[in-house]
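All remarks here apply to the structure that follows.
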Amino acid sequence: MNRKLLALLLVTLMTFTVLVGCSQPAEEPAEAPEETPAEAPEETPAEGNAEGYPDKPINVIVSYSAGGGTDVGARILLPYVEEELGVPLNVVNKPGGGGWVGWTDLTNADPDGYTIGYINTPNLITGYLDPQYNRTDKSIDSFDLIGNHVLDYGAVAVKIDDDRFDTVEDLMEYAKENDLIAASTGAGSDDHIAQLRLNQEFDTQFVNLATSGASEGKAALLGGHIDVWFANVGEVAVPNENGEVKVLGVLSEERSQFMPEVPTFEESGYPGVYTWSARGLAAPDGMDPAVLEILVEAFDKAINNPEQIEKMNEMGLAVHHLKGDEYYEFLESDVNNVKAVSELLGY
């Protein structure tokens, strides 16, 4: 076969191959798989992180002077809380301003669980409702609540050797005709409200002398600087038993279990005036919920410890434990009680 013929055959063969290839249907491009939208991860409610808490001492602000009812109760309770938490709890007394020196520091503290404090009502409430103090940004919601510790009814005492007064009636009838200087734990305190209520209801003339705490009121009475000491059962029971003061009556519907021999104002003929101091524990608003729960549980166990209750009873301090919603609702009722006497308080 000559070369021309061979070349012709090769060209023919190549042309045929191309034509055949072009006649085959083209493959359709593979379809891209449909994209399945990624599922958003389920949101888990924040539970907080209390890992390692507490790992250092905790400061407990008491907004009254050492030796008063709040201070004494705190020093009885806190060793039992220390057993639950495993760290020291240090009482820090910050008296002044009717309690608001300490409460201001408490609300301004870092809500890390290492600064907590006692809150006292109605004193706390009157201190932010009174417009002259310009505390409109404060309320019971300024705190994360841990639990109530004590409910302490009002009581009225005089010097043991004051022969003007042996009964509630002696005091009240004298006070209708004479000004009597009467100590309280501050303007707007339960003691001050008691004076105002008695003045309103029975035309007495008790004149308030605000002090930084019950211990100062007691000192003023024993020193002869005042006529009457308006305080609470837990602050007068032991001095009464020791013969330091003479408690004339209590401002409750029933006699106190700690001074059963002392009559109520009601049974003495002066009904309708009941006052008390509630003392509980709180932290600055904004605390990690898990840390708050640790504190709530620790104080719950400590407050309900039978040994703690017995020691409180020995000092005339009535344990009245509340926590959670029950405590919040109790404080709300105290707010309403203060609002009901706001006119007497001058606002």
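No hydrogens, no waters, no symmetry mates; every other heavy atom, side chains included, goes into these values.
- No more than 12 heavy atoms of other residues, nucleotides or ligands sit less than 6.0 Å from atom CD of E254.
- Scanning all heavy atoms of the two residues, the minimum distance from I193 to P122 falls at CD1-CG, 4.0 Å.
- Applying side chain to side chain contact (heavy atoms under 4.5 Å, CB included) to Y64 and the options N120, D71, N93 leaves one that passes, N120.
- Two different hydrophobic clusters hold V101 and F143 under the rule that ILVMFWY side chains link at heavy-atom gaps under 4.5 Å.
- To the nearest 0.5 Å, atom CG of residue D203 and atom CE of residue M172 are 9.5 Å apart.
- The CG atom of D190 sits 10.0 Å away from the CD atom of Q195 when rounded to the nearest 0.5 Å.
- Here the side chains of S63 and Y118 are not in contact, with every heavy-atom distance at 4.5 Å or above.
- Of the N and O atoms on the side chains of T121 and D334, at least one donor lies less than 3.5 Å from an acceptor on the other residue.
- Atom CG of L145 is separated from atom CG of L322 by 10.5 Å, given to the nearest 0.5 angstrom.
- Side chains of D152 and S277: a donor-acceptor N/O pair is absent below 3.5 angstrom, by distance only.
- Residues M315 and I309 are members of one and the same hydrophobic cluster, defined by side-chain heavy-atom contacts under 4.5 angstrom among Ile, Leu, Val, Met, Phe, Trp and Tyr.
- Between Q205 and K176, the closest heavy-atom pair is NE2-O, 2.8 Å.
- One N or O on the side chain of N240 and one on the backbone of V247 form a donor-acceptor pair closer than 3.5 Å.
- Using a 3.5 Å distance cut-off with no hydrogens or angles, the side chains of S142 and T107 do not pair a donor with an acceptor.
- Proximity of L292 to I146: side-chain heavy atoms (C-beta onward) are separated by under 4.5 Å at one or more points.
- A distance of 8.5 Å separates CD1 in I140 from CG in L124, rounded to the nearest 0.5 Å.
- In this structure, A214 and G69 approach most closely via the heavy-atom pair CB-N, 4.5 Å.
- With 3.5 Å as the limit, one finds a donor-acceptor pair spanning the side chains of N199 and T204.
- The existence of a salt bridge linking D170 and R164 is excluded, since no basic side-chain nitrogen approaches an acidic carboxylate oxygen closer than 4.0 Å.
- In summary, the aromatic rings of F165 and Y174 are positioned with their centroids under 6.0 Å apart.
- Using a 4.0 Å cut-off between charged nitrogen and carboxylate oxygen, D162 and K246 do not count as a salt-bridge pair.
- Partner V262 forms a side chain to side chain contact (heavy atoms under 4.5 Å, CB included) with one of V236, L248, V250, V233 and no other, that one being V250.
- Under the 4.5 Å side-chain heavy-atom criterion for Ile, Leu, Val, Met, Phe, Trp and Tyr, I116 and L77 are members of the same hydrophobic cluster.
- Surrounding NZ of K339 are at most 12 heavy atoms belonging to other residues, nucleotides or ligands under 6.0 Å away.
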Decide side chain to side chain contact (heavy atoms under 4.5 Å, CB included) for K94 and V92; before the verdict, give the C-alpha distance in whole Å, the side-chain angles of both, and the deciding distance to 0.1 Å.
CA-CA 6 Å; K94 294 191 174 185; V92 181; 3.7 Å; yes
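- The pair D227-K159 fails the salt-bridge criterion, with no side-chain N (NZ, NE, NH1 or NH2) lying under 4.0 Å from an Asp/Glu carboxylate O.
- The closest side-chain heavy-atom distance from E253 to T264 is not below 4.5 Å.
- Counting non-hydrogen atoms of neighbouring residues, nucleotides and ligands closer than 6.0 angstrom, the CG atom of D141 exceeds 12 such neighbours.
- Residue V338 is grouped with residue L344 when hydrophobic side chains (ILVMFWY) are merged at heavy-atom distances under 4.5 angstrom, including chains of intermediate members.
- Nearest heavy atoms, A187 versus A210: N-CB, 3.9 Å.
- Within 6.0 Å of CD in E343 there are 12 or fewer heavy atoms belonging to other residues, nucleotides or ligands.
- Of all the heavy atoms in F202 and P271, the pair that sits closest is CZ-O, 3.5 Å.
- Contact between V81 and A298 at its shortest, heavy atoms only, is CG1-CB, 4.3 Å.
- Heavy atoms of other residues, nucleotides or ligands lying less than 6.0 angstrom from CD of E241 number 12 at most.
- Using cut-offs of 30° and 60° for the angle between ring planes, the Y270 and F265 rings count as perpendicular.
- Residues V156 and L171 are in side-chain contact: their nearest non-hydrogen atoms beyond the backbone lie under 4.5 Å apart.
- For the pair D191 and N232, the minimum side-chain heavy-atom distance is below 4.5 Å.
- The list of ring-ring contact (aromatic ring centres under 6.0 Å, His included) pairs with a residue in residues 296-347, not counting sequence neighbours, is empty.
- Distance alone, capped at 3.5 Å, places no donor-acceptor pair between the R197 side chain and the H192 backbone.
- Of the possible donor and acceptor atoms, one in the side chain of R255 sits under 3.5 Å from a partner among the backbone N and O of P260.
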Test log, rule ring pair (Phe, Tyr, Trp, His ring centres under 6.0 Å), inputs F206 and F230
CA-CA 10 Å; F206 295 108; F230 276 70; 5.2 Å; yes
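- Panel note: side chain N304, backbone D300; a donor-acceptor pair is recorded below 3.5 Å.
- Between I76 atom CD1 and N313 atom CG the span is 9.5 Å, to the nearest 0.5 Å.
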Carefully, step by step, assess E244 and K218 under the rule side chain to side chain contact (heavy atoms under 4.5 Å, CB included).
CA-CA 9 Å; E244 295 178 89; K218 175 186 171 184; 3.3 Å; yes
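- With T70 as the fixed residue, the side chain to side chain contact (heavy atoms under 4.5 Å, CB included) test singles out one of T185, N123, V62: V62.
- Under the 4.5 Å side-chain heavy-atom criterion for ILVMFWY residues, a single connected hydrophobic cluster contains both V91 and I303.
- With N305 contributing its side chain and E307 its backbone, the two residues share a donor-acceptor pair below 3.5 Å.
- Under the 4.5 Å side-chain criterion, counting only non-hydrogen atoms from C-beta, D110 is not in contact with T115.
- Remark: side-chain polar atoms of E216 are not paired, donor with acceptor, to backbone N or O of T211 under 3.5 angstrom.
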I would like to know whether M312 and H149 meet side chain to side chain contact (heavy atoms under 4.5 Å, CB included); could you show each step before the answer?
CA-CA 10 Å; M312 293 288 285; H149 184 204; 3.3 Å; yes
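- Of the N and O atoms on the side chains of D130 and Q132, at least one donor lies less than 3.5 Å from an acceptor on the other residue.
- V87 is not listed as a side-chain neighbour of K56, based on a closest heavy-atom distance of 4.5 Å or more.
- Here L106 contributes atom CG and I119 contributes atom CD1; the two are 8.0 Å apart, rounded to the nearest 0.5 Å.
- For the pair V319 and Q308, the minimum side-chain heavy-atom distance is below 4.5 Å.
- Checked against the 6.0 Å centroid criterion, the rings of Y53 and Y114 qualify as a close aromatic pair.
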Tell me, with the steps shown, if R135 and L129 meet side chain to side chain contact (heavy atoms under 4.5 Å, CB included).
CA-CA 7 Å; R135 297 187 181 114; L129 288 181; over 6 Å; no
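- A salt bridge between E314 and K311 is absent, with no side-chain N of the basic residue lying under 4.0 Å from a carboxylate O of the acidic one.
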